[in-house]
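We count ligands from 1, going down the list as the structure has it; atoms in each ligand are counted the same way. Since we're looking at a predicted model, the values are computed, not measured.
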Amino acid sequence: MRSLLVLVLAAGEGTRMASSLPKVLHKVAGRSMVGHVVATARGAGAAAVTVVVGPGRDDVAKEVKSIAPDAEIFVQAERRGTAHAVLAARAALERGYDDVVVMYGDTPLVEGSTLSALRTPLAEGAAVTVLGFRPADPTGYGRLLTDGGTLTAIREEKDATDAERAVTLCNAGLMAFDGRSILPILDAIGDDNAKKEFYLTDAVEIARAVGRDAAVTEADAAEVAGVNTRAQLAEAEAIIQQRLRAAAMANGATLIAPETVFLSIDTRLGRDVVIEPNVVFGPGVVVDDEVVIHAFSHLEGAHLSRGVSIGPYARLRPGAALGEGVRIGNFVEIKASELGAGTKVNHLSYVGDSSVGANTNIGAGSITCNYDGYNKHRTTIGANVFIGSNTLMVAPVTIGDGAYTATGSVITDTVPGDALAVGRARQVNKEGWAMRLRERLAALKNK
Ligand code: UD1
Ligand code: MG
């Protein structure tokens, strides 16, 4: 097994996103672009992952660490070109790896298999491999110049002759290097070009000049699409959603209208899960087998155990943990709450910061009042409880196993197990009162 160092370049700041957020922190499928790249590097078995960021970019560093805690961060103090950026990580390169792969933080869709394919020629003696692709519009990309099938040079658009510009095979940006010769090659790169930058792409000509081979691996244009604008961000999102839906279906989930279901990169779906149209999965959702998610539901940070049914129009927020067979109906929101097996919350309810036992029924319109304007408080509801419709549970409060609350109650004190709590005014009927009122008001009006 050849050892691998992956170096992610993320120091350049594209300004075309019209955003206060650094470009590589924009998300696709619920994960930042740089996060995708780092995760792909990890998945491809990199012994070390290093990321080159711009000065003061602690936010990018923090995001990288959240995905790969042992990733190393290097700062490129000045933006002087892609080779200069790679050399910011000289300390990592000096440790000596068999293969070094350079990826861009704004190219989130590259798959691990492509990264592996790029490394293959290195094992056969090449000094450098470049990922090539044929974009619909090659403007702005480096052109791959070949001679009888071998790569001789990469020419940047601004430095190219008209004949070179006519070449349609372009540099996707992903390059792999023989780790034993990368440093002398990079140190030989100068900035004598149109942009006065140190181009990583010059590595090809330098390697060839010392008699080493350079190779090209071709990739699908959709996979290597870089993101510079919000429109391209949306295109990347569409591509990744297609992949995630296909994978979900291949793993045994039914998506009735797959194009209307939006998944996150970390969504986990069991077998025989059925997802109706227009469902959105934010990050951190785990769905066990045989769950049904009805139309127009929104989930994030939730765990749904086997046989759960939610929606239509259900909202599960972070910390929602639903036991086996739990049923959540329309216009119900669950947050930071565990619900025991068989419990039902079927209509128009909010359950937050709560723990609810098994086989409890929470009636329509019932709400946990968990927030006093300063702090959140917990509600504890036992097993086999019957919460009458429109019960307000003012937290912190506890309702014991087997208790009932009367419809319309405001519960502020502990309810013992098997008790009935009535927390509302008693009904009083005043005979004839309405008729007398009408007569008085009519007389006043006609005066
Ligand atoms: C680069 C390639 C070009 C290729 C294209 C693919 C070079 C010289 N050119 O051009 O052949 O077709 O990508 O998209 O490599 N970066 C830094 N520090 C720097 C400069 C760049 O970290 O000083 C990072 C950027 O954040 C970005 C990546 O390197 O992630 C590429 O930089 P960019 O300026 O976009 O290069 P291109 O001109 O697009
Ligand atoms: Mg670019």
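Look at Glu156 and you'll find a heavy atom under 4.0 Å from some atom of ligand 1. At least one heavy atom of Thr201 sits closer than 4.0 Å to an atom of ligand 1. Proximity of Lys195 to ligand 1 is established by a heavy-atom distance of less than 4.0 Å. The closest approach between a heavy atom of Gly226 and any atom of ligand 1 is not below 4.0 Å. Residue contacts with ligand 1: Gly81 is included, with a non-hydrogen atom under 4.0 Å away.
Taking every non-hydrogen atom of Arg80 and a distance limit under 4.0 Å, the qualifying atoms of ligand 1 come out as 23 (O). Which parts of ligand 1 touch Tyr104 is read off a 4.0 Å heavy-atom cut-off, strictly below it: atoms 1 (C), 2 (C), 13 (O), 15 (O), 28 (C), 29 (O), 30 (O), 31 (C). Residue-ligand proximity, Leu9 to ligand 1, at heavy-atom distances under 4.0 Å covers atoms 22 (O), 24 (C), 29 (O), 30 (O). Every atom of ligand 1 with a heavy atom of Tyr199 under 4.0 Å away is listed here by number and element: 8 (C). Of all the atoms in ligand 1, the ones that sit under 4.0 Å from a non-hydrogen atom of Gly142 are 3 (C), 4 (C), 11 (O), 12 (O). Counting the atoms of ligand 1 from 1 in the order shown, those under 4.0 Å from a heavy atom of Thr82 are 7 (C), 8 (C), 15 (O), 20 (C), 21 (C), 29 (O), 31 (C), 32 (O).
Between Glu164 and Arg143 there is no salt bridge, since no side-chain nitrogen of the basic residue lies less than 4.0 Å from a carboxylate oxygen of the acidic one. Residues Lys196 and Asp191 are not paired through a salt bridge, judged by the lack of any N-O separation under 4.0 Å between the basic side chain and the carboxylate. Between Glu156 and Lys195 there is no salt bridge, since no side-chain N of the basic residue sits under 4.0 Å from a carboxylate O of the acidic one.
Because its NZ or CZ atom is both nearer than 6.0 Å to the ring centre of Phe262 and within 45° of the ring axis, Arg245 counts as a cation-pi partner of that residue.
Note that the CD1 atom of Ile293 and the CZ atom of Phe281 stand 3.5 Å from one another [nearest 0.5 Å].
Taking all atoms of both residues into account, the shortest heavy-atom contact from Ser349 to Gly363 is OG-O, 3.5 Å.
Counting heavy atoms closer than 4.0 Å to ligand 1, residue Ala85 contributes side-chain atoms (C-beta onward) but none from N, CA, C or O. Contact annotation for Ala172 and ligand 1: only backbone heavy atoms (N, CA, C, O) come within less than 4.0 Å of the ligand.
With sequence neighbours left out, Phe331 forms a ring pair (Phe, Tyr, Trp, His ring centres under 6.0 Å) with Tyr313. In this structure Arg378 satisfies the side chain to side chain contact (heavy atoms under 4.5 Å, CB included) test together with Glu338, Asp353, Ser355, sequence neighbours excluded.
On a distance-only criterion, Gly140 and ligand 1 share no N/O pair closer than 3.5 Å.
Annotation for Asp372: atom CG counts as buried by contact number, over 12 foreign heavy atoms lying within 6.0 Å.
The main-chain N or O of Thr398 is never found under 3.5 Å from a side-chain atom of Thr380 such that the two would form a donor-acceptor pair.
Between Glu78, Met33, Gln76, it is Gln76 that holds the heavy atom closest to atom 17 (C) of ligand 1.
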